[in-house]
Amino acid sequence: IKDHMVQWVFRHGDRTPIVNFPTDLHKESEWPQGFGQLTKTGMQQLFELGQYMRKRYSSFLNSTYNRQEFYIQSTDYDRTIMSAQSYLSGLFPPTSSQIWNPELLWQPIPVHTFQKSTEQKLHFPLPNCPRFDELEKETQTSKEFQNRIQPYMDFIQTMAVNTGLELNHLKILDNFQLWNTYDTLYCEDIHNYTLPVWATKDVINKMEKLAELSLLSLFGIYKREEKSRLQGGVLVNIILNSIKQAVNSSNPRKMEVYSAHDTTIGAVQIALNIFNGKLPPYAACQFFELYQESNGQYSIEMHYRNDTSKDPYLLTLPGCTSSCPLEKFAELVSPVITENWAKECGK
Ligand SMILES: CCCNC(=O)[C@H](O)[C@@H](O)C(=O)O
């Protein structure tokens with residue numbers, strides 16, 4: 001069995017909070033680099049990911065960086081671009097012929113990025129899609145969602161008082177307010193900032209569950225396939241087309257990598273119906289490996305690395321085997337792939 005091409009999507013590394021909630025004890029000025037910035041921990045996490053991939057693909061990838069073989073794109077955020085750079089310093093330290101400064105075992109490698117307004121493939125949820133906004137509203141009032149949020153109603157009331165956030169915003173979940181508040185408390189806790197007295201272990205756990213429900217209900221729970229056609233299916237389509245091109249190309253790129261966000265991983269996994277319901281941790285990665293079997297047939301394997309202490313999980317596309325023939329894979333994902341995104345968005 002021969003590795004033919006790999007596609008990786010990862011979340012950036014550890015960062016500072018992105019937003020304050022009204023009663024937050026810590027303001028942006030208390031964070032050395034301000035909101036949303038990659039920390040040294042985050043840099044180390046991505047460096048480790050690069051080293052992991054160097055080992056995993058030692059026989060597949062050329063040990064020296066080769067622009068014909070490798071391409072990386074990042075969303076247009078400091079944290080994802082810097083994550084990509086940290087990752088590349090672990091994946092492609094310069095080998096003898098590439099060393100340009102003997103005191104520095106690092107080489108510049110291009111991280112491609114596109115303006116937020118024009119990039120419509122990596123930062124989810126993709127904006128400016130009226131049909132998706134409609135589906136979001138339908139989701140919030142659906143019984144599937146209401147059944148899951150009902151048990152938390154009293155808790156959400158308490159959270160509104162503790163955080164100073166608007167109750168009727170908090171309970172619809174889709175504007176990330178509860179998720180963002182959980183995230184800010186999580187960042188403060190990791191970096192040893194004092195938490196408010198009400199932020200007990202139990203409260204944080206309940207907020208984590210609601211953050212997970214935010215991600216799940218954003219792309220799934222209700223009309224998963226239709227929402228995925230407008231969201232995660234867009235990136236699945238890009239990845240699948242790139243894999244198909246590699247099959248028909250005489251000298252295909254070996255690896256394409258996307259430096260992105262937790263919502264990117266969530267959108268793709270919910271579109272593929274392989275989501276584990278948990279928030280993707282820092283530097284988590286979903287990756288696809290195209291193999292050519294001895295009989296010449298091409299198959300795709302999907303893996304998810306969300307714990308650096310273990311091997312990545314081999315994931316199985318529902319309806320297929322873990323090593324899924326390319327044609328079968330394409331057929332099974334076709335319900336979440338749209339030929340005309342703008343039209344389906346009702347623009
Ligand atoms: C505030 C909501 C936007 N959050 C982000 O962009 C973060 O990068 C988030 O996606 C993450 O992966 O931490």
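In each ligand, atom 1 is the first atom listed, and ligand 1 is the first ligand listed. The first residue in the sequence is number 1, and the count goes up from there. Since we're looking at a predicted model, the values are computed, not measured.
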* So, are Glu144 and Lys223 salt-bridged, with charged N and O less than 4.0 Å apart? -> no
By salt bridge (charged side-chain N to carboxylate O under 4.0 Å, His left out), Glu134 pairs with (sequence neighbours left out) Arg131
Value for OG1 (Thr80) from NE2 (His123), rounded to nearest 0.5 Å, stands at 8.0 Å
The protein residues that pass the under-4.0 Å heavy-atom test against ligand 1 are Arg11, His12, Arg15, Ile18, Arg79, His123, Asn180, His261, Asp262
Q) Between Arg79 and Asp14, is the closest basic N to carboxylate O distance under 4.0 Å? A) no
Note: Lys27-Glu30 ion pair, threshold 4.0 Å (strictly below): no
Exactly one of Thr75, Ile72, Ile239, Ile265 clears side-chain contact (heavy atoms from CB on, under 4.5 Å) with Tyr258, and that residue is Ile239
